[in-house]
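Notes follow the structure.
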Amino acid sequence: PRDKINQFDLVVERAISRRGFLGSVLVFGSGAAAMGTGLVSSTSIAAQQAASRFEFAPVAPATDGTVHVPEGYHWKVLAGWGDALFSSADGYDIANGGLLENSEKIFGENTDGMETFIFQSHQLIAINHEYANRETNLPAEQKGVPANADDVLKLQNLQGVSVFEIAESGDGWSIVKDSMFNRRITHNTPMRMVGPAAGHELLKTPADPNGTMALGTINNCGSGKTPWGTYLTCEENFNGYFGSTVKPQAVPSALVAKGYDRYGIDADGWEYEYHKWDARFDTSKSPNEPHRFGWVVEIDPTDPESTPVKHTALGRFKHENAEVVLAPDGRVVVYMGDDERGEYLYKFVSSGRYRPGGATSELLHDGTLYAARFNDDQTGEWLALTPQTTSMDAEEILIFTRMAASAVGATTMDRPEWIATNPNAIEAYCCLTNNKNRGVKPNAGGDETPVNGPNPRQTNHYGQIVRWRPHHADHAATTFDWDLYVMAGNPDVYHNAYGGSKNINSGNMFNSPDGMAFDMQGIVWIQTDGKDTNKGDYAGMGNNQMLAGDPVTGEIARFLTGPKGCEVTGLCWSVDRRTMFVGIQHPGGDWPDGNGKLPRSSVIAIKRDDNGLIG
């Protein structure tokens, strides 16, 4: 039983044996203590005694069908699934799936990562659309099964990325229809493949014998933003869109077969049925097509005629987001998580250096890719993925990055989701959302997943946030110290490690941290995608939510609750920092329109009533 599991106590015992870690003093209690607030420096203790930095009164858990924000704040929908980006698509009928010819002129489905940009006084926003609901976009009698190529094309158009201009008026924020910047990027948009693996045999297909021009970006999850003003969109669960019309599924080589197994490519897919109507998704006809997905894609939001770029140097896996930060010497560092149970954390460090006003187009083309190893003594190292360390070819390391990370012995993690870096300290955070298989079964590559330092609970269904501080105050450094900022849990149900860390209480508990971003004040905003049953292990947690965390004191407070059934995901700010844009994905009920209408994933704009700064 869980109340007798004490693996975390063992990890704590090992951790505190390192005297003076980060100048800390010992204030541990039981196994429910987390290293983020259990090993606290004298300055942090003083900070904990100071007044809260949060400029809001925390909201209570909610179980209803709408959004709640604190007193003194209000919200409005900026854009929802089916809203027109162009006047020609006005009146798109989501209740009946809408017309195919308008499906790439509207705001797509299931919003996720997003970023804002300013260009020549125009405010732009780029937003991911992770997946499409087949049942609501196809005729009801088809029960979500595409009947022809047009059905598949409609689903392909409703996913990908939206880029559009936004403007604020007396009625709040809204889409600027027909703006020259408005653009939809779908599963069929032409894209260049660049970097060391571009042109490799494993990327060549019948439609692209050179292996350098791909079509589309798929299952776009988290996002990122470069210092030079481009948008990074991340391809996550791309495997579910492929299948085979020939069974059993045939593969051209043992390496490809191993890759299919590791990345979850099978003959049936996830019932999108692309492979039956679009030959490039049929692995019996185009076995290398799956290798052209699972990348980080760079988009210039200011140029609707530009061709998006898939960066092979950043590795291929189920990317959550891409957090970009600069090293002191100007090298570009990109932190990335692979969102699957027992997979890994990665870091890319560019060979070139960023200089404001200098050339940037090839900064992400060349560099070193690393996977993280976390030691139980709260140290860690970044393991370079090279032919020497992995016994793999350089290009194969990038195409089958999971295998490379396994080869170097990186630490299996509890589903690495969003990574965020603190603008006011040299440190990074990663949401480890949950992992029911921790200590129970290996990952897809057969790597064991024992309880370990940053993943201290077996059958982890609550999740935690790990934090690391690179040595020499340099994000390009290959060594670091780490701790846990928070372990989510339910202290009303458990009085052990499953009750959460000391900064979790009855008033702020949550499960499954997922999205995450820092504001300019150094407050970390945490979004959840977990169980909202409000029963049993999840009693008292209510719907999914967004919380604010203070990295200095460890304080966490609930800022927002979403409608029943939703995931809260994606966060960015207006240029003047007076508006916070937040994504509400797959809500239940009839939110936000009511009156029995279909629920719509949407992005909301949150403001203070006094129009003050909000992050």
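Both backbone and side-chain heavy atoms feed into the values below; hydrogens, waters and symmetry mates do not.
- There is a side-chain donor-acceptor pair under 3.5 Å between Thr230 and Glu298.
- Side-chain rings of Tyr274 and Phe281 approach one another, their centers coming within less than 6.0 Å.
- Side-chain atoms of Ser350 come within 3.5 Å of backbone atoms of Val332 as a donor-acceptor pair (strictly under, hydrogens ignored).
- Side-chain contact, Asn210 with Thr212: no donor N or O sits under 3.5 Å from an acceptor N or O.
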- [ ] Output, in order, the C-alpha distance, side-chain angles, deciding distance and verdict of side chain to side chain contact (heavy atoms under 4.5 Å, CB included) for Met213 and Met193.
- [x] CA-CA 6 Å; Met213 288 296 297; Met193 302 202 73; over 6 Å; no

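- Although no hydrogens or angles enter the test, the distance criterion places a donor-acceptor pair under 3.5 Å between the side chain of Asn182 and the main chain of Leu85.
- A donor atom on one side chain and an acceptor atom on the other are not found under 3.5 Å apart for Asn437 and Arg415.
- The structure places CH2 of Trp591 at 7.0 Å from OG1 of Thr66, a figure rounded to the nearest 0.5 Å.
- Contact between His129 and Glu109 at its shortest, heavy atoms only, is CB-O, 2.9 Å.
- Glu236 and Asn220 share no donor-acceptor pair across their side chains, judged by distance under 3.5 Å alone.
- Each of Trp525, Trp173, Trp573 was evaluated against Phe581; a single residue qualifies, Trp173, per the ring pair (Phe, Tyr, Trp, His ring centres under 6.0 Å) test.
- Residues Phe317 and Tyr346 place their aromatic rings such that the two centres sit under 6.0 Å apart.
- More than 12 heavy atoms of other residues, nucleotides or ligands lie within 6.0 Å of NZ in Lys204, so this atom counts as buried by the packing criterion.
- Judged by distance alone, with hydrogens and angles left aside, the side-chain atoms of Arg316 form a donor-acceptor pair with the main-chain N or O of Phe293 at under 3.5 Å.
- Ion pairing between a basic and an acidic side chain is recognised when a charged N comes within 4.0 Å of a carboxylate O; Arg600 and Asp83 show such pairing.
- The main-chain N or O of His461 is never found under 3.5 Å from a side-chain atom of Asn434 such that the two would form a donor-acceptor pair.
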Task: CA sep, side-chain torsions, deciding dist, call: Lys347, Met336, side chain to side chain contact (heavy atoms under 4.5 Å, CB included) - done: CA-CA 6 Å; Lys347 177 174 76 170; Met336 300 167 287; over 6 Å; no

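- Side-chain N/O atoms of Gln545 and Thr528 include no donor and acceptor closer than 3.5 Å.
- Under 4.0 Å is where a charged nitrogen must lie from a carboxylate oxygen, and between Glu340 and Arg402 at least one such pair does.
- No donor-acceptor pair closer than 3.5 Å links the side chain of Asn321 to the backbone N or O of Gly222.
- A donor and an acceptor atom, one from each side chain of Asn110 and Gln585, are nowhere located under 3.5 Å apart.
- Nearest heavy atoms, Pro599 versus Gly588: CB-O, 3.7 Å.
- Note that CD1 of Ile106 and CH2 of Trp81 are 8.5 Å apart. Values are rounded to the nearest 0.5 Å.
- Side-chain contact of Asn544 with Gln527: a donor-acceptor pair under 3.5 Å is absent, judged by distance alone.
- Under 3.5 Å, the side chains of Asn443 and Thr412 contain no donor-acceptor pair of N or O atoms.
- At a threshold of 4.0 Å, the pair Asp282-Lys276 does not count as salt-bridged, since none of the basic side-chain nitrogens sits closer than that to a carboxylate oxygen.
- Between the Thr390 side chain and the Met392 main chain, a donor and an acceptor come within less than 3.5 Å of each other.
- Contact between Asn511 and Gly530 at its shortest, heavy atoms only, is OD1-CA, 3.2 Å.
- For Ala405 against Tyr344, the heavy-atom pair with the smallest separation is CB-CD1, 3.4 Å.
- Ser223 and Glu115 make their closest contact through OG-OE2, 3.2 Å (heavy atoms, listed as atom of the first residue, atom of the second, distance).
- Rounded to the nearest 0.5 Å, atoms CE (Met413) and CG (Asp339) are 12.5 Å apart.
- The closest side-chain donor-acceptor pair between Ser179 and Glu165 falls under 3.5 angstrom.
- Residues Pro513 and Leu432 come closest through the heavy atom pair CG-O, 4.2 Å.
- Defined by atom type and a distance below 3.5 Å, a donor-acceptor pair is present between the side-chain atoms of Ser87 and Asp178.
- Not one N or O on the side chain of Glu395 forms a donor-acceptor pair closer than 3.5 Å with the backbone of His200.
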TODO: Would you please test Ser574 and Gln123 for side chain to side chain donor-acceptor pair (under 3.5 Å) and show each step?
DONE: CA-CA 8 Å; Ser574 60; Gln123 290 206 50; 5.3 Å; no

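- In the model, Thr205 has no side-chain atom that pairs as donor or acceptor with a side-chain atom of Asn288 under 3.5 Å.
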Task: Verdict with supporting geometry, Asn237 and Glu130, side chain to side chain donor-acceptor pair (under 3.5 Å) - done: CA-CA 9 Å; Asn237 293 310; Glu130 187 173 11; 4.8 Å; no

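- Figure legend: cation-pi geometry between Lys225 and Phe117, with NZ or CZ positioned under 6.0 Å from the six-membered ring centre and within 45° of its axis.
- For the pair Asn595 (side chain) and Lys597 (backbone), a donor-acceptor distance under 3.5 Å is absent.
- Between the side chain of Tyr92 and the backbone N or O of Gly97 there is at least one donor-acceptor pair closer than 3.5 Å.
- At least one cation-pi condition fails for Lys105 and Phe86: the charged atom is not both under 6.0 angstrom from the six-membered ring centre and inside a 45 degree cone around its axis.
- The CD atom of Gln159 lies 14.0 Å from the CD1 atom of Ile185; values are rounded to the nearest 0.5 Å.
- In this model, a donor atom of one side chain and an acceptor atom of the other lie less than 3.5 Å apart for Lys318 and Asn239.
- The distance from the CD1 atom of Ile604 to the CE atom of Met580 is 10.0 Å, given to the nearest 0.5 Å.
- Counting heavy-atom neighbours within 6.0 Å of Lys436 NZ, excluding the residue itself, gives a total of 12 or less.
- Residues Asp300 and Ser306 bring no donor and acceptor atom of their side chains to less than 3.5 Å of each other.
- Aromatic ring centroids of Phe181 and His122 lie under 6.0 Å apart.
- Distance alone, capped at 3.5 Å, places no donor-acceptor pair between the Thr401 side chain and the Gly315 backbone.
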TODO: Apply salt bridge (charged side-chain N to carboxylate O under 4.0 Å, His left out) to the pair Lys564 and Asp64, showing each step before the final yes or no.
DONE: CA-CA 6 Å; Lys564 185 73 174 176; Asp64 59 10; over 6 Å; no

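- Side-chain atoms of Asp447 and Ser406 form a donor-acceptor pair, as typed in the model, at a separation below 3.5 Å.
- Looking at Tyr241, Trp277, Tyr131, Phe238 one by one, the single match for ring pair (Phe, Tyr, Trp, His ring centres under 6.0 Å) with Tyr272 turns out to be Tyr241.
- One distance of note links CG of Asp112 with CG of Asp529; it measures 9.0 Å at 0.5 Å rounding.
- In this model, a donor atom of one side chain and an acceptor atom of the other lie less than 3.5 Å apart for Glu320 and Trp418.
- Judged by distance alone, the side chains of Asp414 and Tyr462 never bring a donor and an acceptor atom under 3.5 Å apart.
- Salt bridge present: Lys247 and Asp268 bring a charged side-chain N and a carboxylate O closer than 4.0 Å.
- When only modelled atom types and interatomic distance are considered, Asn534 and Thr63 share no side-chain donor-acceptor pair under 3.5 Å.
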